[in-house]
Number of protein chains: 2
Amino acid sequence: MPTPHYGQPRYRLIANQLKERIESGRIPPGALLPAESALTAEFQAARGTVRQAIAALREAGLVATEHGRGTYATPHQHERGLDEGSETETQQRQVAADPELAALFAVEVGTTLMEQQSLARADGAVQTVVRTYRRLPAEH
Amino acid sequence: MPTPHYGQPRYRLIANQLKERIESGRIPPGALLPAESALTAEFQAARGTVRQAIAALREAGLVATEHGRGTYATPHQHERGLDEGSETETQQRQVAADPELAALFAVEVGTTLMEQQSLARADGAVQTVVRTYRRLPAEH
DNA sequence: AGAAATTTGTCCGTATGTATC
DNA sequence: AGATACATACGGACAAATTTC
């Protein structure tokens, strides 16, 4: 494997991709990022490089890390429009699984799922709505 | 304590030995492997190295691991019609706007929207479902 | 039912060797 | 020669799930 770092170093590229996932809501606030080991596998990068990328995100305040637990996405605020008309850009709620979601998660229809919805606006108009579904933590 | 990796790395050697034990039946299907702590003692290797060896076996489908329980030799392999490379599956389709989406996009309820759904799996089980909604390109 | 021990999961810091730009 | 990256390896610590007492 070569080691080309045209333009930007590798850890910056990885950091940017993770940043995009967080800001797009694909990794919602409070959710754990993939483990270092998973990231090394996904990006085909060495652990040191992944750690460098995460360190950059941490420095930028996008994530927080807890020893022995993992790295969380922190609630992100759009720096785009500082004012923003008090509309919730991202909200979390519980919804009942529709038939398709139920099948995907292998649960019964109507099972409570966590839904995280986030919006991307441009000039005030909603451009994209992202809804992320995941199962609730098991009740022992 | 040096770290020369001429020839084969240590984790490969450990993995090969464990593999031999499984395939020879000395570790029968379904049986638990020695704990990581036991393996570190036996092979005089760091825990991370042992875990790397086990990860290789897991990747090869020879063993499965459960948090807090242990790693066991897989009972019957060859039951898996699995993807293997694809971490995310994506599909695109058109859906009718529900009342909330209609309000967000400032369109009428029932208006056709583009929905992109992607899945994130871990060990074959769906972890997260992400649905991204956008307006269709304007049609005059 | 509850506490302790076991075991795996994850992160941290560090170190050495190799390879490429 | 230096910066970047990769691969490997060590040791320590905390977190979480499971089992055992």
Colleague: Would you kindly give the CD-to-P distance between Q52(A) and dA5(D), to the nearest whole Å?
Modeller: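 Computing the Q52(A):CD to dA5(D):P distance gives 6 Å.
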
Colleague: Search all heavy atoms of R47(B) against all heavy atoms of T40(B) and return the closest pair with its distance.
Modeller: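 Result for this residue pair: CA-CG2, 3.5 Å.
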
Colleague: On a heavy-atom basis, which atom in F105(B) and which in Y133(B) lie closest, and how many Å separate them?
Modeller: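 Nearest pair, atom of F105(B) first, then Y133(B): CZ-O, 3.4 Å.
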
Colleague: Run through T71(A), L39(A), V50(A) and flag the one making a side-chain contact (heavy atoms from CB on, under 4.5 Å) with P34(A).
Modeller: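 Exactly one pass, corresponding to L39(A).
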
Colleague: Figure out the CG/C1' separation between L13(B) and dA9(D), and round it to whole Å.
Modeller: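 Taking CG of L13(B) and C1' of dA9(D), I get 13 Å after rounding.
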
Colleague: Over how many whole Å does the gap from Q44(A) atom CD to dA7(D) atom C1' extend?
Modeller: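 Result: 12 Å.
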
Colleague: Could you check R135(B) against L113(B) for side chain to side chain contact (heavy atoms under 4.5 Å, CB included), going step by step and ending with a plain yes or no?
Modeller: CA-CA 5 Å; R135(B) 274 194 301 253; L113(B) 296 176; 4.2 Å; yes

Colleague: Can you see if the side chain of T49(B) gets near the phosphate of dT8(D) - specifically, an N or O under 4.0 Å from OP1 or OP2?
Modeller: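 T49(B) to dT8(D) OP1/OP2: no side-chain N or O under 4.0 Å.
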
Colleague: So which protein nitrogen or oxygen atoms get under 3.5 Å of nucleotides 6-10 of chain C's nitrogens or oxygens?
Modeller:
residue, atom, partner, partner atom, Å
dT8(C), OP2, E36(B), N, 2.8
dT8(C), O2, H67(B), NE2, 3.0
dG9(C), OP2, R51(B), NH1, 2.9
dG9(C), OP2, R51(B), NH2, 3.4
dG9(C), N7, R47(B), NH2, 2.5
dG9(C), O6, R47(B), NH1, 3.0
dG9(C), N2, G68(A), O, 2.7
dT10(C), O4, R47(B), NH1, 3.1

Colleague: What pair of heavy atoms forms the shortest contact from T49(B) to R10(B), and how long is it?
Modeller: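 Closest pair (atom of T49(B), atom of R10(B), distance): CG2-CB, 4.1 Å.
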
Colleague: Please state how far atom CD in Q8(B) lies from atom C1' in dA7(D), giving the value in whole angstrom units.
Modeller: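 The distance from CD of Q8(B) to C1' of dA7(D) comes to 14 Å, rounded to the nearest Å.
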
Colleague: Could you check how far OH of Y72(A) sits from P of dA15(D), rounded to whole Å?
Modeller: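 Distance, rounded to whole Å: 10 Å.
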
Colleague: Enumerate donor-acceptor pairs with a distance under 3.5 Å from any side-chain N or O in residues 14-23 of chain B to protein atoms, sequence neighbours excluded.
Modeller:
residue, atom, partner, partner atom, Å
N16(B), ND2, R12(B), O, 3.3
E20(B), OE1, R26(B), NH1, 3.2
R21(B), NH2, E42(B), OE2, 2.4

Colleague: Under 4.0 Å between a side-chain nitrogen and a carboxylate oxygen: does that hold for R131(A) and D98(A)?
Modeller: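 Salt bridge between R131(A) and D98(A), a charged N being under 4.0 Å from a carboxylate O: no.
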
Colleague: Cut-off 3.5 Å, side chains only: do R69(A) and Y72(A) have a donor facing an acceptor?
Modeller: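 Checked: R69(A)/Y72(A) side chains pair up, N/O donor to acceptor below 3.5 Å.
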
Colleague: Please state how far atom OH in Y11(B) lies from atom P in dT8(D), giving the value in whole angstrom units.
Modeller: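 Spelled out: OH on Y11(B) to P on dT8(D) is 4 Å.
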
Colleague: Tell me: CD1 of I14(B) to P of dA9(D), nearest whole Å?
Modeller: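 Result: 8 Å.
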
Colleague: Where is the tightest heavy-atom contact between V126(A) and L104(B), given as atom of each residue plus distance?
Modeller: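 Distance-wise, the nearest heavy atoms are CG2-O, 3.2 Å.
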
Colleague: If you pin A46(B) and A45(A) to their nearest nucleotides in DNA chain D, which one's is more 5'?
Modeller: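 Nearer the 5' end of the strand: A45(A).
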
Colleague: What protein N or O atoms touch nucleotides 1-4 of chain C N or O atoms at under 3.5 angstrom, if any, and at what distances?
Modeller:
none

